[in-house]
Number of protein chains: 2
Amino acid sequence: MKKNEQVTIHDIARALNIDSSTVSRALNDSPRVSSKTKQKILDKASELGYQRNILASNLRTSKTNTIGVIVPRISRNFFSSVISGIEETAQEAGYSVVICQSFESFEREQKLVETLLANRVDGILISVSMQTESYDHLKAYLNHGGSIVFYDRPCQLENCSSISIDDYKASFQATEHLIQNGCRHIVHFSGPQINDLYKNRKQGYVDALEKHGIDFNEAYCLESKLSENDGVAHAKKILEMGNVDGIYSSNDTAAISAIQYLKTQGVNIPKDIAVVGFNNDPISSVIEPSLTTINQPDFEMGTIASNLLINKIENKNTSNESKILDIELIIRNSSKHN
Amino acid sequence: MKKNEQVTIHDIARALNIDSSTVSRALNDSPRVSSKTKQKILDKASELGYQRNILASNLRTSKTNTIGVIVPRISRNFFSSVISGIEETAQEAGYSVVICQSFESFEREQKLVETLLANRVDGILISVSMQTESYDHLKAYLNHGGSIVFYDRPCQLENCSSISIDDYKASFQATEHLIQNGCRHIVHFSGPQINDLYKNRKQGYVDALEKHGIDFNEAYCLESKLSENDGVAHAKKILEMGNVDGIYSSNDTAAISAIQYLKTQGVNIPKDIAVVGFNNDPISSVIEPSLTTINQPDFEMGTIASNLLINKIENKNTSNESKILDIELIIRNSSKHN
DNA sequence: TTAAAAAATACAATCGATTGTATTTTTAAA
DNA sequence: TTTAAAAATACAATCGATTGTATTTTTTAA
């Protein structure tokens, strides 16, 4: 931005023939300035159209009152809801929020963390990309005195809090629901096994099968990034397999595209194949048959993540917590097996 | 962030017994530093774990290489696609992007602009909120030397470029499509008439009716913010009206919730009432019947918006442009009237 | 009225990087 | 070898706000 147009505290000071330190204190409502001069300064400031330069302020105080949010992609309803929760809480506490998308790319995630560090944000809320296996970029940020809280996809990293749901339990519940509806050959759409989230979801599926005396078949576990295309590809494989009667997908996106493809191939959902998804995307209630899915407290996850981070930043609480939220299985029409 | 941990160019300079200005120039790859010392400095920098403090740099250069994006809400697919386009182009040009949601609130929008100004972002890309009637907040930003480009919802403001679609034409086309499919009593879900976008959409509807000799009935224009709830409320009104046989909605969200409600009331879509939406949300192809809608080049709109703004910032082009993109009517099942 | 205490304000260094100018060192030409 | 030109580096001011310390002014109490 052009410099000439910028009004600084020095301009105000000069206009009133006082010192800029007094102006600074007045603008910050310090008790060290009399209310008379405060008023004079405030008046002059608005007269001149003064706008505080936060860059300068941040540099001096080495505090930006900004938190960075790294999210795989904002277009997923779950994530945009989490962000809303984050923003609300952050705003109340006087923090700005910078939203960044990693698009599930590790390389991009690294760059984003670097940029956030260079910009000296006070803390980072991150749901790591599906490719993230190394945490050096995050460690670098921590070493510079930053705070990190994981949300949705927890990671084992010292000195970080996390907030997530009980993926294992949710998965167990979803799978058991299919079994109780008569499914015996259940395919699982699983995500990258490098992250705990998808590991836990797979394990819940495996254990539910075991509990009900169904043999686990590795070929029934289709691992992918759970995109729309992946859902279609999985559906094709399922038709080749022949005897599949249930699908438990780690997200709604893949479940929905699979349903759509299967319908075009004359498969009856849920009669032939019952389906359960994960996330409760708005689209899941619109598709026919409506999709049975797991609902997560997304907005709440955002508010809690924000709170954990701000507490960390402000040192109110030095201990690290791993909070787990409850989920809910929403039973709709895609899973009624009769 | 804590100060003690921070390595500065002065630390590097001290360690090598040279001046910090040389370090600065070396890190910026200036020709004024010999390649030998450059290498020494680079090595020492990585050895000490140096991370440039952009705050300081920005303060000195009064350039942040950051653009602010104000969006009504990121959860709308159209907007998240625009953002992707913005990010891609901005990144290539070396700019960071800060995404902010106004949630259609004017008050919030004002605060966001203020924050972006305080942070001295080089430019703002904005789709104004549905409540925005005054532009003083934007003028203040312009007065401080900032650049503004409007996207999707253009505004009459001096010295600003804009990128949008031909809402009038799209609306005309959508309405005409309904008429050609036999509709005579077409209700229009319109948005706040304070913005050109919704004015144009309404006018296109009105003129299409006129062209085909259908009287315009103000009662058939239901104005709202086009939320899900608004769609349901409109649907109820339509049932009370009795003889409505077509709906043209200014967005998909309202169209879809209306369809869902009407279906529960035994209305056959499209036989009894044909429906056309706007935006081509992913959900529009999933709902049954699939929704006829207007597809906008969302990603492209983002890239062009970014380009216009960056050109403005870098003064490559001082003239102000109003670009208009072409749309496409996607005909699906919700509008076949027989 | 005067001294001490309290309030208000001024001075000056600082945050970390950038950049115009000055100085020193190196190179090239005479 | 000497000198001019070019290259490399050092010096010092600056961006705009903050903040500890010093000074001045005002208030209070004796």
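Numbers restart at 1 for each chain; the letters A, B, ... are given by sequence-line order, proteins then strands.
- Here dT14(C) presents its P atom at 17 Å from CG of Leu59(B), a figure rounded to the nearest Å.
- Annotation: of the two residues near DNA chain C, Thr37(A) and Ile9(B), the 5′-most nearest-nucleotide partner is Thr37(A).
- Shown here, dA13(D) forms a base pair with dT18(C); the pair counts as Watson-Crick or G-U wobble because both key distances fall under 3.5 Å.
- Distance check: Arg153(B) CZ to Ser127(B) OG gives 4.5 Å after rounding to the nearest 0.5 Å.
- Side-chain atoms of Ser21(A) and base atoms of dC11(C) include a donor and an acceptor less than 3.5 Å apart.
- Nucleotide dT19(C) holds its C1' atom 12 Å from the CG atom of Asp19(B), rounded to whole Å.
- A side-chain donor from one of Ser21(B) and Asp19(B) sits under 3.5 Å from a side-chain acceptor of the other.
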Go through the steps for Cys160(B) and Phe150(B) under the test side chain to side chain contact (heavy atoms under 4.5 Å, CB included), then give the verdict. CA-CA 7 Å; Cys160(B) 297; Phe150(B) 294 103; 3.7 Å; yes

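- Atom NE2 of His10(A) is separated from atom P of dT14(D) by 11 Å (rounded to the nearest Å).
- For the pair Leu55(A) CG and dG16(C) C1', the computed distance is 13 Å after rounding to whole Å.
- Looking at residues 43-54 of chain B, you'll see Tyr50(B), Arg52(B), Asn53(B) sit with a heavy atom under 4.0 Å from some atom of DNA chain C.
- In this structure, CD1 on Ile148(B) lies 9.5 Å from SG on Cys155(B), to the nearest 0.5 angstrom.
- Atom-to-atom, CZ of Arg60(A) to P of dA17(C) comes out at 16 Å; the value is rounded to the nearest Å.
- For Ser24(A) and dA17(D), the shortest distance from a side-chain N or O to OP1 or OP2 is not below 4.0 Å.
- Phosphate contact (OP1/OP2 of dC15(D), side-chain N/O of Asn58(B), threshold under 4.0 Å): absent.
- Spacing between atom CG of Asn65(B) and atom C1' of dA17(C) amounts to 14 Å, rounded to whole angstrom units.
- The existence of a salt bridge linking Asp11(B) and Arg14(B) is confirmed by a sub-4.0 Å separation between a basic side-chain nitrogen and an acidic carboxylate oxygen.
- Remark: Glu47(A) engages Lys44(A) in a salt bridge, criterion side-chain N to carboxylate O under 4.0 Å.
- Whole-Å rounding puts the Leu16(B) CG to dA10(D) P distance at 10 Å.
- One atom, CZ of Arg25(B), and another, C1' of dA7(D), lie 13 Å apart when rounded to the nearest Å.
- Of all heavy-atom pairs between Phe78(A) and Met301(A), the closest is CZ-SD, 3.8 Å.
- Both Ser34(B) and Ala56(B) lie near DNA chain D, and the one whose nearest nucleotide falls closer to the 5' end is Ser34(B).
- Evaluation of atom-type donor-acceptor distances gives a pair under 3.5 Å for the side chain of Arg32(B) against the base of dT21(C).
- Within the 4.0 angstrom heavy-atom criterion, no nucleotide atom of any strand lies near Val23(B).
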